[in-house]
Structures are given as C-alpha cells and as structure tokens.
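The next block holds one structure in the form of structure tokens; read it before the comments.
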Amino acid sequence: MEKRQMLPISRLSSSCTVLVAALLFCLNFTTTEAYDSLDPTGNITIKWDVMQWTPDGYVAVVTMFNFQQYRHIQTPGWTLGWTWAKKEVIWSMVGAQTTEQGDCSKFKGNIPHCCKKDPTVVDLLPGTPYNMQIANCCKGGVINSWVQDPSNAASSFQVSVGAAGTTNKTVRVPKNFTLRAPGPGYTCGAAKIVKPTKFVTQDGRRTTQALMTWNITCTYSQFLAQKTPTCCVSLSSFYNDTIVNCPTCTCGCQNNITNPGSCVEGDSPYLASAINGPGKNSFTPLVQCTSHMCPVRIHWHVKLNYKEYWRVKITITNFNYRMNYTQWSLVVQHPNFDNLTKSFSFNYKSLTPYGAINDTAMLWGVKYYNDLLMEAGPFGNVQSEFLFQKDPSTFTFQKGWAFPRRVYFNGDNCVMPPPDAYPWLPNAGPLSTVPPLVFPIVTLFASLVFLLA
C-alpha cells in the first residue's frame with residue numbers, strides 16, 4: 001500500500017502564516033484606497049447632536065465638517081443618506097429636505113415630512129426664507145475646503161425624528177450612511193456614540209451640551225469617484241521648442257464607432273444641441289475632442305530665467321462643456337515652492353504634509369476675479385505666473401527638475417507625462433541623432449580630402 005507523506009506541523013503552520021499574511025495585505029490594500037499622502041487626515045465628519053426630547057423622539061442638529069485641506073463639494077452639492085435602525089419617521093426639517101416623502105398613509109392628521117426607511121437628504125438653495133434656515137445651511141450643498149475658506153467649510157440642518165425613543169438608552173443610531181458629493185467617491189463608516197458636544201455662549205460665560213452625540217467619518221477615494229482620471233498635465237519651456245502634451249487617451253479615447261457622441265468638436269455646428277442633449281441634468285461630462293479626452297488640463301510653462309530668479313506660467317483649461325468649476329483649487333508639488341517670491345493672480349497657501357518640508361502649494365482663484373473656471377470655450381481657462389528665487393545648491397534646468405512632481409485639481413491626482421518626454425536642455429540631449437555607421441564614412445571622406453589636398 002502506498003504511504004502518503006504528511007507535512008510536518010511546523011511547515012503547515014508556516015504555510016498558514018504566509019497565507020494569513022497575504023490575506024491581511026490584500027485587506028489592507030483595499031482599505032487604504034482612500035489614503036491621500038498630501039492630506040493624510042482629511043475627511044468629512046458628520047456630527048449628529050440630539051438637542052431636545054419630544055413626546056415620541058428627539059430634535060437633532062446634523063452638521064457636516066469638511067476637514068479636507070483642498071477638496072471641496074461643489075455644485076450641485078452633497079446628498080446624505082442613511083437607514084433607520086427602527087421605524088423612525090421625520091416629522092419636520094429646517095435647513096434641508098428629503099428628496100422623497102415615502103408612504104405615510106398610516107398617519108392621520110399630521111403627516112410626517114418623510115416616512116422612508118432610507119431617507120435621502122439634500123441642502124436647501126440660497127434665498128430660502130429665514131424661518132426655514134439655521135446656521136450653515138442653504139448653500140445648495142456646496143462646502144468649501146478647510147484651507148480655502150474655513151468659514152464655509154461646514155453645512156448643517158435640523159431634523160425632528162419621531163418613533164425613535166426618548167432616552168439615551170432607547171434611541172438607536174442610524175446605519176449605512178452614504179454621502180454623494182455630488183457623485184460617488186466617499187465611503188462612510190459606522191456611527192459611533194461620542195461625548196456630547198459642548199456649546200459656549202457668545203459671551204463665553206455659559207456652556208451647554210447636547211443630550212447625545214454620535215459621529216460618522218467619510219473618506220474620499222478617487223478610484224471610487226470615477227473610473228478614469230479627470231485631469232492631466234502638459235509641459236513646455238523657453239529653452240526647448242517641444243511642447244509635451246498630455247499622454248494620448250489619458251482620460252479616454254475617441255471612438256465614434258463604439259461610443260458615439262463621447263466628445264464634440266469646438267467648431268461643430270451641432271455644439272449647442274449636444275450640450276443640451278441627453279445627460280444635460282446628470283452632469284455627465286461632455287468634453288471637447290482632444291487626444292487626451294480629459295475635462296481639465298493643467299499646463300506648466302517654464303517662462304523666463306533671471307540671474308537670481310526664474311518664472312513659471314500655469315494655465316488651467318476646461319474642456320468640459322457642461323461644467324463651470326466653482327471654487328476650484330490646484331495643489332502642486334515642487335521643491336522650489338519653499339522659495340516662492342510672488343504669485344501674481346492666484347491665492348497661495350503652503351501645505352506641509354511631510355512636516356518641515358515645504359514643497360507643496362495650494363492655489364486657488366481670487367474672489368470675483370478668477371475663482372470661476374468657465375465651461376469649455378474661449379473663456380474656459382485661468383492662468384497665473386509665479387516667481388521663484390533660486391537656491392544655488394539645488395536649482396537646475398537639467399533632468400526635468402523645473403517641472404512639478406505631482407499636480408492635483410479639485411483634489412484629484414492629475415496624470416503627468418512620462419519623464420523621458422520632458423523638454424530637455426539643448427546641451428543635455430542625446431550626443432547625436434546620426435546613425436553610428438555615418439561616423440566612419442565621414443572620417444574616411446575627411447581623410448581622402450586631406451590626402452588630395
């Protein structure tokens with residue numbers, strides 16, 4: 001009879017250890033998709049404060065704080081959803097509303113604002129009557145980033161909940177929170193009961209607190225937000241005639257056979273009908289036909305070289321015919337930002353994600369001047385110039401040093417050209433573009449000329 005050889009227990013245990021480690025690595029990889037090394041602690045925190053009890057529930061103030069340094073929520077704004085733990089209903093809301101009422105047929109007399117098990121809430125628009133407002137509401141769901149405009153980096157609404165319990169022990173926190181801003185991208189964790197929020201009166205002489213508080217943390221992942229990149233970077237310089245365009249098919253490819261109408265030519269007579277065609281209200285991008293097919297392109301041009309300074313021009317171009325980018329922001333990483341001397345028409349704020357290293361800049365438009373990036377067309381671009389002081393120990397135009405390391409637009413990482421395509425200095429190029437066999441022929445020809453002479 002054939003004897004089967006059994007593995008030693010030590011080998012089995014080591015094999016299991018390797019397998020478990022591999023599984024843990026895969027799990028960790030999927031959970032770190034939302035990590036952003038330039039804003040490692042950035043998130044949107046939703047705070048749910050129970051302010052008073054009612055005969056069948058409570059009144060709460062819900063506030064969303066945007067703790068992200070450079071990522072904001074733009075028009076058409078946020079959409080917040082959750083699932084009730086029991087059979088709660090929403091009697092009324094101030095500063096926001098649900099998109100659907102649901103089936104409230106079992107109620108007689110007073111009809112709730114919403115009876116759905118999984119309500120969806122949106123912000124009210126500017127101009128809402130004052131008796132329907134609370135602080136930090138009614139901005140159409142727009143929330144600015146923490147660095148760009150901290151006074152408008154929060155959004156609040158009040159909700160009166162019924163059939164919910166009237167004590168800290170009978171109330172149950174909602175589940176399955178979702179945040180769309182305005183599309184996918186944010187993943188929200190479970191609600192966690194925390195210490196009640198404390199409120200200080202304006203004179204600072206009295207402190208009150210919520211009856212009960214729970215927090216929800218939502219993090220952003222560019223991989224979940226869209227399947228393809230949303231922006232790309234092109235490069236040029238004064239010392240080279242080459243313009244390095246965005247890589248071909250960066251954000252998609254032109255294919256009128258399998259995907260007709262995926263882009264539109266800028267001089268097309270049917271441009272107006274295409275813009276107002278299907279997808280108009282869904283904010284589906286309609287981009288101008290380009291080799292890269294990106295909605296936004298950032299162009300970095302090394303413009304001038306002085307004795308102690310050098311000058312760069314940045315141009316942001318919008319190729320999307322259906323989007324005006326409000327409160328746009330740009331994050332650029334370059335080692336010479338520690339010696340930035342002048343920004344001519346963009347606001348500038350230094351970011352230090354790596355402690356004392358000052359190589360990351362956040363840029364955004366000047367209010368009422370260029371803070372609105374218009375849709376594709378003759379006015380669909382904004383630009384500024386930057387003056388840098390040279391550090392003799394590090395400054396060089398060689399090997400692409402003068403170009404950015406990373407670029408973010410509205411919080412999304414933009415695709416850079418490959419490094420070997422960067423504009424090079426005339427004396428830093430290949431030694432010769434002449435085939436190797438030409439050199440012996442030239443040498444022989446020169447020798448014959450010398451002998452004949």
Side-chain angles (χ1 to χ4, degrees), residues 43-54 56-68 72-85 88-104 107 110-145 149 151-164 171 173-186 188 191 197 199 210-218 281 283 326-327:
N43 66 71
I44 290 183
T45 298
I46 304 170
K47 185 180 290 290
W48 194 297
D49 291 313
V50 177
M51 304 303 295
Q52 67 182 67
W53 303 115
T54 61
D56 68 336
Y58 60 84
V59 175
V61 174
V62 181
T63 304
M64 285 177 280
F65 297 97
N66 185 9
F67 292 120
Q68 300 172 114
H72 68 289
I73 298 176
Q74 65 178 17
T75 306
W78 56 262
T79 301
L80 182 65
W82 63 82
T83 301
W84 291 117
E88 294 92 336
V89 296
I90 298 177
W91 282 112
S92 62
M93 298 188 72
V94 180
Q97 63 184 1
T98 60
T99 57
E100 296 181 53
Q101 184 184 41
D103 183 8
C104 296
F107 291 90
N110 292 332
I111 305 297
H113 176 81
C114 179
C115 301
K116 286 180 66 68
K117 179 74 172 177
D118 53 346
T120 300
V121 176
V122 294
D123 194 13
L124 295 181
L125 299 174
T128 298
Y130 288 111
N131 61 347
M132 298 175 61
Q133 294 187 28
I134 67 167
N136 292 321
C137 86
C138 313
K139 295 177 285 188
V142 175
I143 306 179
N144 291 339
S145 64
D149 190 1
S151 62
N152 289 304
S155 182
S156 302
F157 62 88
Q158 179 180 295
V159 57
S160 177
V161 184
V171 168
V173 299
K175 302 177 293 184
N176 303 328
F177 278 87
T178 59
L179 175 63
R180 297 178 66 87
Y186 284 93
C188 299
T197 304
F199 307 94
L211 304 176
M212 188 178 182
T213 299
W214 55 81
N215 286 353
I216 306 97
T217 301
C218 303
N281 297 323
F283 292 91
T326 59
Q327 299 293 324

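Residues: numbered from 1 along the sequence shown.
With sequence neighbours excluded, the residues forming a salt bridge (charged side-chain N to carboxylate O under 4.0 Å, His left out) with D118 are K116, listed by chain and number. Residues meeting the disulfide bond (SG atoms under 2.5 Å apart) test with C114, sequence neighbours left out: none. By the disulfide bond (SG atoms under 2.5 Å apart) test, C188 pairs with C218, sequence neighbours left out.
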Worked verdict on Q158 versus V59 for side-chain contact (heavy atoms from CB on, under 4.5 Å): CA-CA 7 Å; Q158 179 180 295; V59 175; 3.8 Å; yes
V161 and V171: CA distance, side-chain angles, deciding distance, side-chain contact (heavy atoms from CB on, under 4.5 Å) verdict: CA-CA 10 Å; V161 184; V171 168; over 6 Å; no
Steps toward side chain to side chain donor-acceptor pair (under 3.5 Å) verdict (D149, S151): CA-CA 6 Å; D149 190 1; S151 62; 2.8 Å; yes
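Counting heavy atoms from C-beta outward, L211 and W53 have side chains that approach closer than 4.5 Å. Two residues are said to be in side-chain contact when any heavy atoms from C-beta on lie closer than 4.5 Å; F107 and W91 meet this criterion. Two residues are said to be in side-chain contact when any heavy atoms from C-beta on lie closer than 4.5 Å; V159 and V121 fail this criterion. I134 is not listed as a side-chain neighbour of N136, based on a closest heavy-atom distance of 4.5 Å or more. Between M64 and L179 the shortest side-chain heavy-atom distance falls below 4.5 Å.
The distance from the CG atom of N215 to the OG1 atom of T63 is 10.5 Å, given to the nearest 0.5 Å. Considering CD1 of I46 and CZ of F177, their distance stands at 6.5 Å, rounded to 0.5 Å. Here the straight-line distance linking atom CD of Q68 with atom CG of N144 works out to 12.0 Å at 0.5 Å rounding. Separation of atoms CD (Q97) and CG (L125) is listed at 8.0 Å; rounding is to 0.5 Å.
With hydrogens and angles ignored, the 3.5 Å screen pairs a side-chain donor or acceptor of K117 with a backbone N or O of W84. Of the possible donor and acceptor atoms, one in the side chain of K139 sits under 3.5 Å from a partner among the backbone N and O of A154. Listed for the T128 side chain is no donor-acceptor partner under 3.5 Å among the backbone atoms of Q133. Between the side chain of Q101 and the main chain of P112, a donor-acceptor pair closer than 3.5 Å is present. Within the 3.5 Å criterion, the main-chain N or O of N66 finds no donor-acceptor partner in the side chain of H72. D123 places no side-chain N or O within 3.5 Å of a backbone atom of A96 that could act as its donor or acceptor partner.
When all heavy atoms are compared, the tightest approach of M132 to C138 is O-SG, 4.4 Å. Of all heavy-atom pairs between P174 and A191, the closest is O-CB, 4.0 Å. Residues V142 and Q74 share a closest heavy-atom pair of CG2-C, 4.1 Å. Between A135 and S156, the shortest heavy-atom distance links the atoms O-CB, 3.4 Å.
Classification of the W82-W48 ring pair by plane angle, with boundaries at 30° and 60°, yields perpendicular. The aromatic rings of F65 and F67 lie parallel to each other, with less than 30° between the two planes, well short of the 60° mark.
The closest side-chain donor-acceptor pair between N43 and T45 falls under 3.5 angstrom.
Applying the side-chain contact (heavy atoms from CB on, under 4.5 Å) test between P119 and each of L80, V89, I90 identifies I90 as the sole match.
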